[in-house]
Number of protein chains: 2
Amino acid sequence: MVSHRRTPVEPESITPHLCSLDLRLHILKGLPFFAGLPEEDIAGINARFHERGYAPGETIFYAGDPVKRLYVVASGKVKLLRHTLSGQDVLLDILAPGEFFGNLSALGDDVYPDTAQAQTLTCALSIEADVFRQIMAAYPAVALAVVDIMNERLRAAHEMMRQLSAHTAEQRIAHTLLKLGEKLGQPADVGLLIQMPLSREDVAAMAGATVETASRTLSQFKKAGLIRSGRQWVALADPDRLRAIAEGDA
Amino acid sequence: MVSHRRTPVEPESITPHLCSLDLRLHILKGLPFFAGLPEEDIAGINARFHERGYAPGETIFYAGDPVKRLYVVASGKVKLLRHTLSGQDVLLDILAPGEFFGNLSALGDDVYPDTAQAQTLTCALSIEADVFRQIMAAYPAVALAVVDIMNERLRAAHEMMRQLSAHTAEQRIAHTLLKLGEKLGQPADVGLLIQMPLSREDVAAMAGATVETASRTLSQFKKAGLIRSGRQWVALADPDRLRAIAEGDA
DNA sequence: CGCTGCCTTGATCTTCTTCAAAACGTGTGG
DNA sequence: CCACACGTTTTGAAGAAGATCAAGGCAGCG
């Protein structure tokens with residue numbers, strides 16, 4: 001049963017729908033915005049978080065849901081996506097453990113702008129947005145860290161906007177793979193392996209293209225020795241040359 | 001000389017390259033992130049800001065400049081754009097008085113990710129990023145307001161990403177006009193007038209299209225009675241129908 | 001062993017860009 | 001006040017990139 005698995009991607013640990021208390025504390029301590037906080041304060045904050053596990057493909061919340069919680073990925077991977085009327089989805093980001101998502105705004109509509117969906121077996125911590133705002137008010141360092149992270153995300157979004165409006169599909173797909181490689185890549189004998197089940201459709205939705213174009217382009221990259229790939233996985237064999245393509249050289 | 005101006009767009013007030021002290025205080029008081037702060041604290045903060053005027057078309061800073069300042073538009077309009085290697089620029093946003101831009105991050109590269117350029121005669125206040133971070137640390141309410149604003153911008157950027165990757169040029173241009181109308185629109189006898197000199201090239205760079213496509217699409221909108229426009233100006237005559245186009249109905 | 005999803009590949013067609021040139025508006029200098 | 005010159009806008013025709021439509025192939029799973 002395991003013997004003829006062909007994908008090099010390792011399945012998520014079988015830890016079920018609960019995160020152990022150890023893991024929770026470990027995750028929270030490692031969170032960029034709690035870095036530097038006294039341990040006992042973190043323990044106090046920890047108590048304000050709820051936890052919940054999600055099966056692969058399960059939706060954590062839908063765009064438009066009228067709730068305000070802030071989530072943190074404890075384990076697993078989470079897709080952040082936005083729907084279009086035509087049913088065509090756009091994959092905005094893939095979040096790794098330690099990253100946050102959800103709604104932490106005080107103003108505006110009380111709805112999530114995006115849909116969040118577990119890509120693998122996932123455990124997520126969540127907290128009431130208002131409670132988190134209280135924490136930010138009490139610990140300015142936390143607020144500053146949040147600003148930094150949002151700043152970084154805004155920068156990434158702007159970069160993506162540039163990509164989408166001024167680059168070819170080939171360039172955007174190369175760029176998408178590199179981004180995923182940076183975030184989720186693990187060295188393996190096939191190259192820098194993107195550690196997660198990643199379909200052609202996912203790649204297409206991230207790069208703003210159709211499944212067919214994504215497939216054609218990946219085939220072409222594979223033929224050129226830039227990547228290796230199979231059903232639901234991709235590994236980067238030659239990131240440098242990929243980068244050249246993404247930047248418009250090749 | 002003035003008699004045969006054809007544009008309905010009013011020129012920026014002739015106030016020259018300096019903002020009066022009154023204006024400075026007024027701007028700072030009205031800033032969303034200083035709302036609710038005691039007046040005397042604002043006066044103290046005011047002292048930490050520098051001011052500088054810019055001529056139309058003048059660049060405030062270039063992407064890659066190794067400085068860290070946070071800017072606030074006091075008067076005028078500022079274009080935020082990102083260059084591509086192919087010389088094709090992407091217009092990320094147009095900022096109105098009261099909006100901020102620049103670099104306020106503590107981490108990452110000490111460079112601006114985007115270029116900022118005065119679109120009209122502009123006065124901008126600026127502050128050292130580190131100083132502003134101190135202010136955020138001292139006044140948690142300020143930090144929370146900044147988080148809210150960045151949250152809103154991130155949402156807008158995600159929306160734009162969706163637009164770029166899943167909509168036609170016509171839809172994107174309609175959407176661009178509506179966005180501009182919301183932000184800069186003023187009721188006039190020609191419709192909701194976008195109060196600033198706006199070339200076809202600007203529209204194209206915001207919508208991710210070429211000048212020619214923008215021109216063709218605007219002509220078509222004009223013929224259909226959706227907008228009125230001329231050299232360097234656009235007014236929305238029928239926002240509702242434009243919205244229908246942007247959303248994919250028409 | 002066959003079913004169900006993913007992935008691939010080909011042919012066609014639409015959309016948008018590119019290239020080219022002309023028309024127009026605005027401000028300038030005569 | 002007029003005419004010229006420049007930058008903006010418009011329009012046309014050809015071309016390319018990618019979407020769409022349509023089959024067929026392959027892997028994993030029951």
Side-chain angles (χ1 to χ4, degrees), chain A residues 1-9 11 56-57 84 86-90 119 163-174 176 196-205 207-223 227-234 245 248 250, chain B residues 1-9 11 56-57 84 86-90 119 163-174 176 196-205 207-223 227-234 245 248 250:
Chain A
M1 187 173 197
V2 167
S3 60
H4 47 70
R5 258 202 329 117
R6 206 67 61 91
T7 178
V9 177
T84 58
S86 45
Q88 185 183 146
D89 292 346
V90 179
Q119 177 86 337
Q163 284 279 335
L164 286 172
S165 70
H167 290 354
T168 65
E170 185 188 36
Q171 291 175 308
R172 297 196 306 264
I173 289 171
T176 299
M196 104 178 172
L198 183 75
S199 69
R200 302 293 182 264
E201 194 178 353
D202 290 328
V203 174
T210 58
V211 186
E212 291 93 332
T213 300
S215 177
R216 277 184 246 272
T217 307
L218 291 189
S219 296
Q220 174 194 321
F221 285 171
K222 189 149 71 166
K223 223 164 282 169
I227 63 167
R228 288 178 212 204
S229 75
R231 192 192 176 81
Q232 304 256 48
W233 66 273
V234 179
I245 290 177
Chain B
M1 188 171 197
V2 166
S3 59
H4 48 71
R5 260 200 329 116
R6 208 64 63 89
T7 178
V9 177
T84 58
S86 45
Q88 185 183 147
D89 291 347
V90 179
Q119 176 87 336
Q163 282 280 337
L164 286 172
S165 69
H167 289 353
T168 65
E170 185 188 36
Q171 291 174 309
R172 297 197 306 265
I173 288 171
T176 299
M196 94 176 181
L198 183 76
S199 69
R200 303 292 182 265
E201 194 176 355
D202 290 328
V203 174
T210 58
V211 186
E212 292 91 333
T213 300
S215 175
R216 277 184 246 271
T217 308
L218 290 191
S219 296
Q220 175 194 321
F221 285 171
K222 189 149 69 167
K223 221 164 286 169
I227 64 167
R228 286 175 215 205
S229 75
R231 190 192 177 83
Q232 305 256 46
W233 67 272
V234 179
I245 291 177

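Chain letters run A, B, ... following the sequence lines, proteins first and then strands; every chain starts at 1.
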Output the rounded distance in Å from [atom1] ([X]) to [atom2] ([N]).
X: A:Gln220; N: C:dC7; atom1: CD; atom2: P; result: 18 Å
X: A:Arg200; N: D:dG25; atom1: CZ; atom2: P; result: 19 Å
X: B:Arg172; N: C:dC16; atom1: CZ; atom2: C1'; result: 9 Å
X: A:Leu218; N: D:dC26; atom1: CG; atom2: P; result: 18 Å
X: B:Gln232; N: C:dT26; atom1: CD; atom2: P; result: 10 Å
X: B:Leu164; N: C:dC16; atom1: CG; atom2: P; result: 13 Å
X: A:Ile173; N: C:dT8; atom1: CD1; atom2: P; result: 12 Å
X: A:Trp233; N: C:dG5; atom1: CH2; atom2: P; result: 24 Å

Just compare [options] and give me whichever is closest to any side-chain atom of [X].
X: A:Thr168; options: C:dT17, D:dG18, C:dT18; value: D:dG18
X: B:Arg231; options: D:dT9, C:dT8, C:dT18; value: D:dT9
X: B:Thr210; options: D:dC21, D:dT10, C:dT18; value: C:dT18
X: A:Arg216; options: C:dT18, C:dG5, C:dG10; value: C:dG10
X: A:Ala209; options: C:dT18, D:dA19, C:dG5; value: D:dA19
X: A:Glu212; options: D:dC21, C:dA20, C:dC7; value: D:dC21

Inset, instruction - Find the distance between CD (B:Gln119) and OG (B:Ser199) and round it off to the nearest 0.5 Å. - result: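 Taking CD in B:Gln119 and OG in B:Ser199, the distance rounds to 7.0 Å.
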Inset, instruction - Quick one: label B:Ser215 by what it contacts on the DNA or RNA (base, sugar-phosphate, nothing), any heavy atom closer than 4.0 Å. - result: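 Result for B:Ser215 = base.
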Inset, instruction - Give B:Thr213 one of three labels, base, sugar-phosphate or nothing, depending on what nucleic acid heavy atoms sit under 4.0 Å from its own. - result: base
Inset, instruction - Report yes or no: does B:Arg172 contribute a side-chain atom to a donor-acceptor pair with the main-chain N or O of B:Ala207 at less than 3.5 Å? - result: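 It does hold such a pair.
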Inset, instruction - Any chance you could lay out the side chain to side chain contact (heavy atoms under 4.5 Å, CB included) test for A:Phe221 and A:Ile173, step after step, and finish with the verdict? - result: CA-CA 10 Å; A:Phe221 285 171; A:Ile173 289 171; 4.1 Å; yes
Legend entry - Closest heavy-atom pair and its distance - A:Ala204, A:Val211: CB-N, 3.8 Å
Legend entry - Test side chain to side chain contact (heavy atoms under 4.5 Å, CB included) applied to B:Gln232 and B:Arg200, step by step: CA-CA 7 Å; B:Gln232 305 256 46; B:Arg200 303 292 182 265; over 6 Å; no
Inset, instruction - Check whether the side chain of A:Glu201 and the base of C:dC6 form a donor-acceptor pair under 3.5 Å. - result: no
